Asks: 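Structure in structure tokens, see below.
Letters go in sequence order (proteins before strands), and every chain restarts at 1. Just so we're clear, the structure is a prediction, and the values are computed from it rather than from any experiment.
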Protein chains: 2
Amino acid sequence: MADTVVFAVGGDQLHVLLVRRANAPFAGAWALPGGFVEPGESPEDAARRELLEETGVTVRALDQIGAYGDPGRDPRGPTLSVVHRGLLPELVDVQAGTDAAAAAFLPVRQALARNTELAFDHRRILSDAVDGLRADIEQCSIATALCPPRFTLSQLRRVYEAVWGHVIDAPNFRRKVLMTEGYVVPLGRTAAPGPDGGKPAHLYRAGKRVTLTPPLYRHSAH
Amino acid sequence: MADTVVFAVGGDQLHVLLVRRANAPFAGAWALPGGFVEPGESPEDAARRELLEETGVTVRALDQIGAYGDPGRDPRGPTLSVVHRGLLPELVDVQAGTDAAAAAFLPVRQALARNTELAFDHRRILSDAVDGLRADIEQCSIATALCPPRFTLSQLRRVYEAVWGHVIDAPNFRRKVLMTEGYVVPLGRTAAPGPDGGKPAHLYRAGKRVTLTPPLYRHSAH
DNA sequence: ACAAAAGTGTTGGACTTACACCCATGC
DNA sequence: GCATGGGTGTAAGTCCAACACTTTTGT
């Protein structure tokens with residue numbers, strides 16, 4: 001099998017893309033989009049296909065984050081699921097596929113809440129995926145994948161704050177990001193200020209660097 | 001499928017456990033021990049069973065480090081291999097199984113050398129596994145799994161040096177390890193000095209901590 | 001006494017953090 | 001003017017790399 005965890009940031013909260021299952025087992029429960037790998041497909045191909053079929057969503061890149069093969073994870077019989085992670089720059093519109101009752105972005109906090117039922121071992125998978133994202137964002141430049149093509153440093157900072165769940169000192173964040181050569185590339189332009197006014201911010205795009213050395217530490221602020 | 005990368009340190013060099021294939025495809029080439037998952041097995045169970053069958057080796061813990069499902073990785077047809085990593089405290093004796101011409105620990109440097117033929121995509125898998133080990137040893141307490149139950153800090157340091165491939169300042173290493181609460185636990189005893197004399201070192205055992213905060217940085221010495 | 005390995009002390013520099021302060025825009 | 005968010009400056013503290021130095025053993 002191939003399941004996918006798609007993250008996006010919206011409203012200062014980290015969201016995950018889920019589908020509501022129409023059929024047994026776990027009918028009515030939320031689940032990660034996914035399905036079976038067809039002959040000739042790589043697991044990543046299958047993940048991308050199932051994601052499109054079930055939610056209408058396409059992602060630029062999918063990274064493998066683990067394989068879950070515990071016997072008993074599926075009541076229908078032993079299966080092995082290769083799980084990939086995708087990142088989107090915004091909460092895009094979602095269209096539920098034929099075998100899904102619904103598809104939507106849920107805040108991760110809500111998806112992992114006690115009263116939300118997740119199918120199979122998807123609670124465990126999602127929990128691992130969140131931990132992995134929090135770690136990777138510290139060491140790698142993947143945070144730009146959660147931003148639009150052109151973004152301000154405040155937008156990038158809000159991605160970190162949403163993923164880590166705490167505020168970051170803006171001046172220090174700015175210095176760290178700009179000091180890390182190749183992380184972001186300045187564009188000449190400046191963005192329009194927000195609805196509350198404020199100084200217009202410079203625009204940047206993602207650079208070519210993939211590893212952040214030194215990392216952006218996720219110490220709790222204050 | 002389930003393949004396994006077993007690491008051990010010997011003679012100041014990181015070694016990996018390989019089997020020499022007796023049958024086609026890739027007859028005569030080195031390969032990671034592994035095989036097919038049988039019904040009712042988890043991939044980890046299968047990895048442990050195949051490891052024992054092919055090499056006679058048992059490991060305490062196996063950690064999943066990835067799944068490789070590129071169509072074409074096996075000339076016989078599409079397969080998916082879940083790869084696990086095992087760590088041993090020493091170069092144990094190895095017994096080749098029935099369908100292997102030989103089984104042995106090879107220095108990683110030699111296994112990844114140009115003139116060593118590795119079956120399937122096992123060069124890629126091994127390369128990824130080495131990168132992962134170098135990263136994990138920095139953040140987690142897994143280095144103790146490459147040491148005997150009781151070890152000196154010099155032994156632990158030599159593990160890091162073998163994995164990273166460069167020397168580490170012994171005094172600073174000592175401070176970092178002892179400062180990280182729960183990483184190692186002092187035993188009352190002291191070890192016998194080496195053949196060249198020297199002051200006898202204190203003995204330690206692994207503690208309960210799994211994550212190293214702050215990490216042991218792998219900066220090149222000098 | 002000498003070599004070798006374990007272990008302690010110390011100093012300079014790099015980096016982080018926290019916070020004060022200035023700039024530009026909308027209302 | 002004032003609030004809001006962008007951006008700069010800076011001082012205190014922390015941490016690490018480097019290396020000098022002491023301790024304890026075998027030969």
Asks: Starting at NE2 of B/H166 and ending at P of D/dA17, how long is that distance when rounded to a whole Å?
Replies: 10 Å
Asks: So, does A/K176 get its side chain near the phosphate of C/dT16, meaning an N or O under 4.0 Å from OP1 or OP2?
Replies: yes
Asks: Would you say D/dG7 has OP1 or OP2 under 4.0 Å from some side-chain N or O of A/H202?
Replies: yes
Asks: Mark yes when over 12 heavy atoms from residues, nucleotides or ligands other than B/Q95 sit less than 6.0 Å from its CD; otherwise mark no.
Replies: no
Asks: In whole angstroms, how far is the C1' atom of D/dG7 from the CZ atom of A/R157?
Replies: 11 Å
Asks: On DNA chain D, check which nucleotide each of B/M179 and A/G198 is closest to and give me the residue with the more 5' one.
Replies: A/G198
Asks: Can a salt bridge be assigned to the pair B/E53 and B/R49 using a cut-off of 4.0 Å between side-chain N and carboxylate O?
Replies: yes
Asks: Is there, by distance only and without an angle test, a donor paired with an acceptor across the side chain of A/R175 and the base of D/dT10 below 3.5 Å?
Replies: yes
Asks: Could you state the atom-to-atom distance from OH of B/Y204 to C1' of C/dG7 in whole Å?
Replies: 9 Å
Asks: Heavy atoms from C-beta onward define the side chain here; which of C/dC19, D/dC19, C/dA5 lies closest to that of A/P171?
Replies: C/dC19
Asks: Salt bridge between B/E138 and B/R134, side-chain N to carboxylate O under 4.0 Å?
Replies: no
Asks: Which whole-number value in Å describes the distance from B/I168 CD1 to D/dA17 C1'?
Replies: 13 Å
Asks: Please check this pair: side chain of A/R123 against backbone of A/T116, looking for a donor-acceptor N/O pair closer than 3.5 Å.
Replies: yes
Asks: Could you state the atom-to-atom distance from CD of A/E161 to C1' of D/dG5 in whole Å?
Replies: 13 Å
Asks: Looking at the side chain of B/P214, which of D/dC16, C/dT8, C/dC19 is the nearest nucleotide?
Replies: D/dC16
Asks: Rounding to an integer number of Å, can you tell me how far A/N172 CG sits from C/dT17 C1'?
Replies: 6 Å
